[in-house]
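Reviewing the structure listed below.
Predicted model, so just to flag it, every value in this text is computed and none were measured. Throughout, numbering of the chain's residues begins at 1 and tracks the sequence.
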Amino acid sequence: MSAPILLVVDDEPAIRRLLRTTLASQSWRVLEAGTGDNALRVASETPPDLVLLDLGLPDHDGIGILRRLREMHPALPVVILSVRDDERGKVAALEAGADDYVTKPFSMAELVARLRNALRHALQQQGTTPLFTSGDLSIDLVKRQIFRAGVELKFSPREWDILRMLVRYAGRVLTHRTIMSELWGASGDVQQLRVYIRQIRQKIETDPEQPRHIITETGIGYRLVQTELL
């Protein structure tokens, strides 16, 4: 596989330099843009595999640039990098199509992990694989089977619907409203969703109090991650 192309859109040269140096050492090809207009031009000339987008751009609102990038490349994974740490801002970006959201200051190790998760999800979507595996967990969307450590698990129809949605968007943060709108429509209730997530964790997690598969993004929603084999 050729080196993945990451477009870093940030008006801080120091952050672009840090990301370019760090990711180049890990075989990434890094493109840079300091403004929204420049980002759109670069993305048009050299379509990236992934975008890291700062919301605080000097010429455009970052959400607007996110939507423009989505119009240009609908399947393009976009991870938001921003100093904004309010839940409303995160939810707005995720519901506008962002795959994930990282706040400044950030851990480079965590950021790289989230970038890889977003890229992995995009590649899986292109391959439309019906099988999700993570550690000792295996989920077959076609056969509607779920195994943990080789033992088949039984799920209620609603638990299955929630897990299937998380698998479809594995690696992406799904807001409470996004999940509820798809599964319940206007009648969704956050507390009801939390109950179902708790029940699912009881079945798929080794320690439901310290989940490794379904991660809570506090005040925002949930993310299904892939863990390494133990």
Practice item. Could you check L31 against L6 for side chain to side chain contact (heavy atoms under 4.5 Å, CB included), going step by step and ending with a plain yes or no? Key: CA-CA 6 Å; L31 306 177; L6 170 67; over 6 Å; no
Point to revise | Derivation and outcome, salt bridge (Lys or Arg N to Asp or Glu O under 4.0 Å), residues R223 and E217 | key: CA-CA 7 Å; R223 177 165 53 98; E217 300 289 346; 3.0 Å; yes
Point to revise | Test side chain to side chain contact (heavy atoms under 4.5 Å, CB included) applied to V225 and R212, step by step | key: CA-CA 7 Å; V225 300; R212 296 183 304 117; 5.9 Å; no
**Study point:** Check against side chain to side chain contact (heavy atoms under 4.5 Å, CB included), F147 and D136
**Key:** CA-CA 8 Å; F147 291 88; D136 63 357; over 6 Å; no
Exercise for review: Evaluate the criterion side chain to side chain donor-acceptor pair (under 3.5 Å) for residue pair R201 and T216; output intermediate values, then yes/no.
Suggested key: CA-CA 11 Å; R201 281 176 170 157; T216 298; 2.7 Å; yes
Exercise for review: Verify side chain to side chain contact (heavy atoms under 4.5 Å, CB included) between L141 and V167, making sure each step is shown before the conclusion.
Suggested key: CA-CA 8 Å; L141 296 183; V167 169; 3.8 Å; yes
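Annotation: side chain of K90 is not in contact with side chain of V173 (no heavy-atom distance under 4.5 Å). Contact annotation: the side chain of Y169 never approaches that of T178 to less than 4.5 Å [non-hydrogen atoms, C-beta and beyond]. Counting heavy atoms from C-beta on, the side chains of E159 and L163 never come closer than 4.5 Å. A heavy-atom distance below 4.5 Å is found between the side chains of H213 and S134. With a 4.5 Å cut-off on side-chain heavy atoms, M72 and L40 count as touching. No side-chain heavy atom of P77 sits under 4.5 Å from any side-chain heavy atom of V51. Put simply, the side chain of R168 reaches to within 4.5 Å of the side chain of E182, judged on heavy atoms. In this structure the side chain of L193 reaches within 4.5 angstrom of the side chain of H176, judged on heavy atoms.
Exactly one residue among L81, L55, V79 makes a side-chain contact (heavy atoms from CB on, under 4.5 Å) with Y101. That residue is L55. The only option from I162, I139, I204, D161 that meets the side-chain contact (heavy atoms from CB on, under 4.5 Å) definition with F155 turns out to be I204. Screening L166, L224, I220 for a side-chain contact (heavy atoms from CB on, under 4.5 Å) involving L174 leaves a single residue, L166.
Listed here is the closest heavy atom pair of D59 and G36: OD1-N, 2.8 Å. In terms of heavy atoms, G34 sits closest to P58 at O-CD, 3.7 Å. The two atoms that bring G56 and D11 nearest to each other are O-OD2, 3.7 Å, heavy atoms only. In terms of heavy atoms, R16 sits closest to A33 at CD-O, 3.9 Å. Here the shortest heavy-atom pairing between A96 and I63 reads CB-CG2, 4.0 Å. Smallest separation of non-hydrogen atoms from S27 and P4: O-CD, 3.7 Å.
The side chain to side chain donor-acceptor pair (under 3.5 Å) pairs that include a residue from residues 66-78 are R70-D99, where partners are two or more places apart or lie in different chains. Within the structure, the side chain to side chain donor-acceptor pair (under 3.5 Å) test picks out the following pairs touching residues 108-118 (sequence neighbours left out): Q26-R116, D100-R114, E110-R114, N117-R120.
Between the side chain of T35 and the backbone N or O of N38, at least one donor-acceptor pair lies under 3.5 Å. The closest donor-acceptor contact from the side chain of E205 to the backbone of I214 lies under 3.5 Å. A donor-acceptor pair is defined here as one N or O able to donate and one able to accept, closer than 3.5 Å; such a pair exists between the side chain of R158 and the backbone of L183.
Using a 4.0 Å cut-off between a side-chain N of Lys or Arg and a carboxylate O of Asp or Glu, D54 and K104 qualify as a salt bridge. Contact check on R41 versus E45 returns a salt bridge, with a Lys/Arg side-chain nitrogen under 4.0 Å from an Asp/Glu carboxylate oxygen.
Here the CZ atom belonging to R194 is positioned 5.5 Å from the OH atom belonging to Y222, to the nearest 0.5 angstrom. Atom CD1 of I146 and atom CG of D140 lie 10.0 Å apart (nearest 0.5 Å). Taking OG of S138 as the reference point, atom CD of Q145 lies at 8.5 Å (rounded to 0.5 Å). Separating the CG atom in D49 from the CG atom in L76 is a distance of 8.5 Å, to the nearest 0.5 Å.
Under the 4.5 Å side-chain contact rule for hydrophobic residues, L52 and V42 do not share a cluster. V78 and L57 fall within a single hydrophobic cluster, where Ile, Leu, Val, Met, Phe, Trp and Tyr are joined by side-chain heavy atoms under 4.5 Å apart, directly or via other members. By the rule that hydrophobic residues join a cluster once side-chain heavy atoms approach within less than 4.5 Å of another member, W28 and V102 end up as members of one cluster. Grouping the Ile, Leu, Val, Met, Phe, Trp and Tyr side chains by contacts below 4.5 angstrom, directly or via other members, places L50 apart from L7. Two different hydrophobic clusters hold L23 and V9 under the rule that ILVMFWY side chains link at heavy-atom gaps under 4.5 Å.
No side-chain N or O of T22 forms a donor-acceptor pair with one of R17 less than 3.5 Å apart.
The local environment of CD in E152 is crowded, with over 12 non-hydrogen atoms from other residues, nucleotides or ligands closer than 6.0 Å. Within a 6.0 Å sphere centred on CZ of R177, other residues, nucleotides and ligands contribute 12 heavy atoms or fewer.
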